[in-house]
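Letters go in sequence order (proteins before strands), and every chain restarts at 1.
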Number of protein chains: 2
Amino acid sequence: MEKTPTVYDVAEMAGVSIATVSRYFRNPAAVRETTRERVREVVRELGYVPSGSARGLAARRTGTIGVCFPSFDDVAQIDARRLEGGPPVQVRVDADAHVDTGSDLYIAEVVRGTEIEAWRHGFAVMIAVPRGAAAHNVVEGLAGRVDGLVTLARAIDADQLAHIARRLPVVVVAGPREGDVYDHVTANNHGGMVALTDHLIDDHRLTRLEFVGGPEDSPDAQTRFEGFTEAMLLAGLGVPERPIARCDFTRAGGRETGRRLLAEGLLDDLDGLVCANDQSALGVLDELTAAGVRVPQDLAVTGFDGIEASNVATPRLTTVRQPMVELGRLAVAQVLHRLNEPMTEPTTRVLPVEVLLRDSCGPHAGDVA
Amino acid sequence: MEKTPTVYDVAEMAGVSIATVSRYFRNPAAVRETTRERVREVVRELGYVPSGSARGLAARRTGTIGVCFPSFDDVAQIDARRLEGGPPVQVRVDADAHVDTGSDLYIAEVVRGTEIEAWRHGFAVMIAVPRGAAAHNVVEGLAGRVDGLVTLARAIDADQLAHIARRLPVVVVAGPREGDVYDHVTANNHGGMVALTDHLIDDHRLTRLEFVGGPEDSPDAQTRFEGFTEAMLLAGLGVPERPIARCDFTRAGGRETGRRLLAEGLLDDLDGLVCANDQSALGVLDELTAAGVRVPQDLAVTGFDGIEASNVATPRLTTVRQPMVELGRLAVAQVLHRLNEPMTEPTTRVLPVEVLLRDSCGPHAGDVA
DNA sequence: TTGTAGGCGTTATCAG
DNA sequence: CTGATAACGCCTACAA
């Protein structure tokens, strides 16, 4: 790289002041056409690119929204994996359908939504995953570089969240928790789970249902469980005190759970397994299929989220679709809103969900339109 | 938000100089324990967060890597879609397995890789999608805010790429093009496609094969086509001049292509369809299945990329897995490397691929280990 | 329409 | 170990 040119270099070479160069970028209409032309020329010539840092400092805003989300990938494993080596092409029979890429579609979609909405408003998006020992630094660095922050549940610890929320608008993508003062954007987890459970009970006549939960500290997982129990209760069925098992929202975790439930014979007199999310449901499905349990004939299985994999799995997974892209969009919209209206009360927006009846809960004559 | 505190506020309240406050963050070891404690206290008290802009300006580096990628979502449609409305829960039978979320798993995985590698080096990642009329501004804004840039193929036009590459390291995730001066990171598209085609020819005895291409301007799609023709040529088979069809790498595009090929009877005396990527292969598969064409019995279909959906589709799609996460990681690693060694020759790194033999090309006795 | 000048909040160098 | 004090590159009244 050549020495990076600045406004001064451009101004000098174009024979104008730095103010004019600045105007050329911020408000071209305020610059005479001929002058504009001259500046344009020099900018090309020099390969000038305005410094975002300088601009951010002077304008007191970065034009960037931060997005923070948790990661389930194993740090140590990342470190270990080599970036190279091996033959250029390897051919193998891939008989096992159970690959876990570690990717999280739900997060990817929400992030995509944030990018879309940010773009619509001329903002950029900065992503960060607080993992490892330096997690706090990651978050602090992010907070210092953005005008507002969107965070998924459990990505930032409560203390630090409180700290940075004093400086910039924070919107949490997940249900609010007790005494929580942030803006929230969430899907109708409760209503979706009630409707899904009702369907299993009313339309499929299933009565012996159990719930496979998510992480203890996930408010969404908790809300879904409550929706499940409420539907059971209202139907006059036995209400489980707690999930029959918990897993970490990953497919691998779902498989592990599936194996355990099978091994312990916990599935023997059960009609259905309602899972807290798709990935774990798919993992459970993997193991059931491998063990010869037929879904949905022997056991119904349902998920939650509506990721693409749930739609192409065999059997296709009945689930509740969250509007993931919209969650991300709305979160950013809310950040932007609060940037303008800082002093209004914290709000919680609940987006509608869609119960998608597919094959893993049984056949559908014409249940619903 | 209260008035944002600065180093000056912290320094004054802690009874130290701003230099010490700065040290507290950059090099805590250089500050006496007792002083450190005092500063820490005030930082908490005030809710102080260092300004990334000011820091970036003073330090002449932002600690951020930019990642630029194309988008296939329709801008007008985005604008139109409402963010709210509708009933809180909707229940419907979802009989059609053919949903296209518009998400691109390939990109999501590459981005995940960039984030991981950036994190390993203490960098943040800023993402941007140049779409719409302001595409140039998006890219320029990004370029001004980062220390280096990773771009996927076709995200940035050649002129602008040349412009910003004068100011910061640029790494392109895709094969190099004629007379191209950037660093590149790519998968072994050619070798992977040759090996896959060889497999179809040698192990399945398929001879009448056609290629479903990608976008005209995709170097990767082009390279894959060349791999295909090379294998055909070496096997002494008829070599198509060009792809039998082209589509835009999306599942919807694949379906459209599938419909056209079916309608025009182009599939009638064919053994197999080699597609340029998974999404389009899945789309083609959707239509074939709907039309009663049995895969692989009537026609073999293969993909390229190795996204998760290819693994759970019915039939499971034979494909070539690109190391997507590694592509992203390596791209960032290369940006970082060039940040230190600016004057070395442009390099192209080709990462190994894996041909995954699954069900969509026919049964595998024990072809390969 | 254009120029002047005073910040914006850090980092980094150099004394002490 | 700590404190002054220049940069750093741009924005934005205010003036001309």
Among [options], find the nucleotide with the atom closest to the side chain of [X].
X     : options              : result
B:L57 : D:dG3, D:dT5, C:dG9  : C:dG9
B:R23 : C:dT11, C:dT2, D:dT2 : D:dT2
B:V7  : D:dT2, D:dG9, C:dG9  : C:dG9
A:T20 : C:dT11, C:dT2, C:dG7 : C:dT2
A:S22 : D:dC11, D:dC8, D:dG9 : D:dC11
B:Y8  : C:dT10, C:dC8, D:dT2 : C:dT10
A:A19 : C:dG3, D:dA4, C:dT10 : C:dG3

For B:E33, salt bridge (charged side-chain N to carboxylate O under 4.0 Å, His left out) partners two or more places apart: B:R36
Rounded to whole angstroms, how far apart are [atom1] on [X] and [atom2] on [N]?
X      : N      : atom1 : atom2 : value
B:Y24  : D:dT2  : OH    : C1'   : 17 Å
A:R60  : D:dA13 : CZ    : C1'   : 13 Å
B:N27  : C:dA12 : CG    : P     : 10 Å
A:R167 : C:dG9  : CZ    : P     : 12 Å
A:R32  : C:dT1  : CZ    : C1'   : 6 Å
A:I18  : C:dA5  : CD1   : C1'   : 9 Å
A:R145 : C:dG9  : CZ    : P     : 18 Å
A:D9   : D:dG9  : CG    : P     : 9 Å

Quick one: is [N] close enough that its OP1 or OP2 comes under 4.0 Å of any side-chain N or O from [X]?
X     : N      : answer
A:S17 : C:dG3  : yes
A:Y48 : D:dC10 : yes
A:T6  : D:dC8  : no

At under 4.0 Å between heavy atoms, what does B:S53 touch on the DNA or RNA strands: base, sugar-phosphate, or nothing? nothing
Have a look at B:V16 and say if it touches a base, only the backbone sugar-phosphate, or nothing, with a 4.0 Å heavy-atom cut-off. sugar-phosphate
Carboxylate-amine/guanidinium proximity below 4.0 Å for A:R131 and B:E115: yes
Heavy-atom closest contact (A:A118 atom, A:A124 atom, distance): CB-O, 4.4 Å
Between the CD atom in A:E117 and the CD atom in A:E326, the distance rounded to the nearest 0.5 Å is 10.0 Å
Say whether B:D180 and B:H184, considering side chains only, have a donor N or O and an acceptor N or O under 3.5 Å apart. yes
